[in-house]
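Only one structure is covered here, and it is reproduced in the block below.
Given the structure is predicted, the values throughout are model-derived calculations rather than measurements. A, B, ... follow the sequence lines: proteins, then strands. Residue 1 opens every chain. Heavy atoms only: backbone and side chains are in, while hydrogens, waters and symmetry mates are out.
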Protein chains: 2
Amino acid sequence: MNIGIASEKSGLPSKTIRYYEDIGLLRPARTENGYRDYSADDIHRLRFLQRSRSLGFSVDECRQLLSLYQDRDRDSADVKAIAKAKLVEIDRKIAELVGLRGLLHHLVEHCHGDERPDCPIIDELAGEGLVQ
Amino acid sequence: MNIGIASEKSGLPSKTIRYYEDIGLLRPARTENGYRDYSADDIHRLRFLQRSRSLGFSVDECRQLLSLYQDRDRDSADVKAIAKAKLVEIDRKIAELVGLRGLLHHLVEHCHGDERPDCPIIDELAGEGLVQ
DNA sequence: GTAAACCTTCCTGTAGCTAGAAGGTCAACC
DNA sequence: GGTTGACCTTCTAGCTACAGGAAGGTTTAC
């Protein structure tokens, strides 16, 4: 299977697939003419990568997950640990964004938004606003 | 004022301050010996940058905000527009993370997390789980 | 005099790709 | 047989927003 088909089937751009090969995530066979030749198993791995990346795992975490995926003797505990750590991180990010959203929303609400130069947003950024 | 002091007063690492100069965000004076020499106004600008960056504005947005900050004739509408766009973006990110969190949480809950190889997280990533 | 603590510039590396150049290959059509 | 277009290859460079470190100059304190 050429890379174009592999791209279609996995949902990953060809460029990304080549990049994943560069960094050693998978090594497809090559045909006589030097083209990459993807097996059905390779496609599974690519889809696995696509899904785990879209779930917010870093490429390095994906590397771990992929090796667990391919390891018939894996412990589910290993996988759960990675997923739980990621969950904590996501919670932290959400909390941070929600805080940020609150502050920004407050500022937008109090900005009259006309042609006058007074602006509480700028004042806040300059350290002169109500919110320290 | 040397860069070390400017760093302390602004809360930005020296490396970052030099970087901001590289990309043209501010141009401090230089003393005879070639050292950067920061004025009180420069410190205000640096603090402004530190605050707007920590509020999630990109460096390019900060560049716009900074020029509005320094523009005595600015319209508050311009500032509000940037802030509102950023708010929409933050909302989108939060929604995405919340969805992701739900999925991951579901998977973690259903993984027994022991030494057995069965793992619904891996199954999901492989495309064999309940969730498409 | 010298050692520590600054400062300078410049180069490299990070994550996770994306864009583009220069060129080889393959299938279809005239 | 020639040509066109869609593939494929490798290589290089660029993106964001810095951080780390090398090599060397300056200032301050003892």
Side-chain angles (χ1 to χ4, degrees), chain A residues 1-39 42-43 45-46 48-66 82 85-86 89-90 93 96 100, chain B residues 1-39 42-43 45-66 85-86 89-90 93 96 100:
Chain A
M1 224 178 310
N2 278 354
I3 199 169
I5 310 292
S7 165
E8 248 176 61
K9 294 210 176 188
S10 66
L12 290 169
S14 310
K15 287 272 187 191
T16 303
I17 298 179
R18 286 198 199 95
Y19 171 69
Y20 285 169
E21 183 179 345
D22 267 8
I23 61 171
L25 284 183
L26 79 164
R27 289 162 204 283
R30 297 280 179 145
T31 55
E32 280 187 359
N33 58 17
Y35 285 17
R36 289 168 179 85
D37 187 21
Y38 294 90
S39 68
D42 288 330
I43 303 298
R45 272 174 220 125
L46 287 173
F48 184 95
L49 288 170
Q50 189 274 323
R51 280 159 181 275
S52 34
R53 284 291 296 133
S54 77
L55 264 176
F57 292 99
S58 74
V59 166
D60 244 41
E61 285 162 340
C62 288
R63 194 189 301 270
Q64 293 175 56
L65 289 170
L66 190 62
I82 296 178
K86 183 54 56 174
E89 197 184 314
I90 289 173
K93 268 190 199 164
E96 193 182 324
L100 215 137
Chain B
M1 226 179 309
N2 278 354
I3 198 170
I5 310 293
S7 166
E8 248 177 62
K9 294 210 176 191
S10 66
L12 290 169
S14 309
K15 284 274 186 191
T16 303
I17 298 179
R18 286 197 198 95
Y19 171 70
Y20 286 169
E21 183 178 344
D22 266 9
I23 60 172
L25 283 183
L26 77 166
R27 290 164 202 282
R30 297 281 179 144
T31 54
E32 278 188 359
N33 58 16
Y35 286 16
R36 289 168 179 84
D37 188 21
Y38 294 89
S39 67
D42 288 330
I43 302 299
R45 271 173 221 125
L46 288 173
R47 289 192 61 82
F48 184 95
L49 288 170
Q50 189 275 324
R51 279 158 181 276
S52 34
R53 284 291 296 131
S54 77
L55 264 176
F57 292 99
S58 73
V59 166
D60 243 41
E61 285 162 339
C62 289
R63 192 190 301 273
Q64 292 174 57
L65 288 171
L66 190 62
K86 183 52 57 174
E89 198 184 312
I90 289 173
K93 268 190 200 165
E96 194 181 323
L100 215 137

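Remark: A:Asn2 pairs with A:Tyr35 by the side chain to side chain contact (heavy atoms under 4.5 Å, CB included) rule, at least two apart or across chains. Among residues two or more places apart in sequence or in another chain, the side chain to side chain contact (heavy atoms under 4.5 Å, CB included) test is passed with B:Lys9 by B:Met1, B:Ile5, B:Ile43. Not counting sequence neighbours, A:Gln50 has no partner by the side chain to side chain donor-acceptor pair (under 3.5 Å) test. Applying the side chain to side chain contact (heavy atoms under 4.5 Å, CB included) criterion to B:Arg30, with sequence neighbours excluded, gives B:Glu21, B:Arg36. When the side chain to side chain contact (heavy atoms under 4.5 Å, CB included) test is applied to B:Ser10, the partners found at least two apart in sequence or on another chain are B:Leu12, B:Ile17, B:Leu46, B:Arg47. Partners of A:Ser39 under the side chain to side chain donor-acceptor pair (under 3.5 Å) rule, at least two apart in sequence or in another chain, are A:Asp42. Judged as a side chain to side chain donor-acceptor pair (under 3.5 Å), and not counting sequence neighbours, the contacts of B:Ser58 are B:Glu61. Take A:Thr31 and apply the side chain to side chain donor-acceptor pair (under 3.5 Å) test, not counting sequence neighbours, and it matches A:Asn33.
In this structure, CG on A:Leu49 lies 6.0 Å from SG on A:Cys62, to the nearest 0.5 angstrom. Distance check: B:Lys93 NZ to B:Leu100 CG gives 13.5 Å after rounding to the nearest 0.5 Å. In this structure, the separation between CD1 on B:Ile3 and CG on B:Asp37 is 11.5 Å, given to the nearest 0.5 Å.
Taking a 4.0 Å limit (strictly below) on heavy-atom distances, residues 6-25 of chain B reaches DNA chain C at B:Arg18.
Regarding B:Asp60, its CG atom lies at a distance of 15 Å from the C1' atom of D:dG14, rounded to whole Å. Straight-line distance from the CG atom of A:Asn2 to the P atom of D:dC7: 10 Å, rounded to whole Å.
Considering only heavy atoms from C-beta on, A:Tyr20 stays 4.5 Å or farther from A:Arg45 through its side chain.
Projected onto DNA chain D by closest heavy-atom contact, B:Val59 and A:Ile5 fall at different nucleotides, the more 5' of which corresponds to A:Ile5.
Inter-axis angle, ends of the helix from C:dG1-D:dC30 to C:dC30-D:dG1, five pairs per end, rounded to 10 degrees: 30°.
Nucleotides of DNA chain C lying under 4.0 Å from heavy atoms of chain A occupy a range whose first and last members, 5' to 3', are C:dG16 to C:dC26.
A salt bridge is defined here as a Lys NZ or Arg NE, NH1 or NH2 lying under 4.0 Å from an Asp or Glu carboxylate O, and B:Glu89 with B:Lys86 meets this definition.
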Task: Where protein sits on nucleotides 23-30 of chain D, one letter per nucleotide: B base, S sugar-phosphate only, - none, heavy atoms under 4.0 Å - done: --BBS---

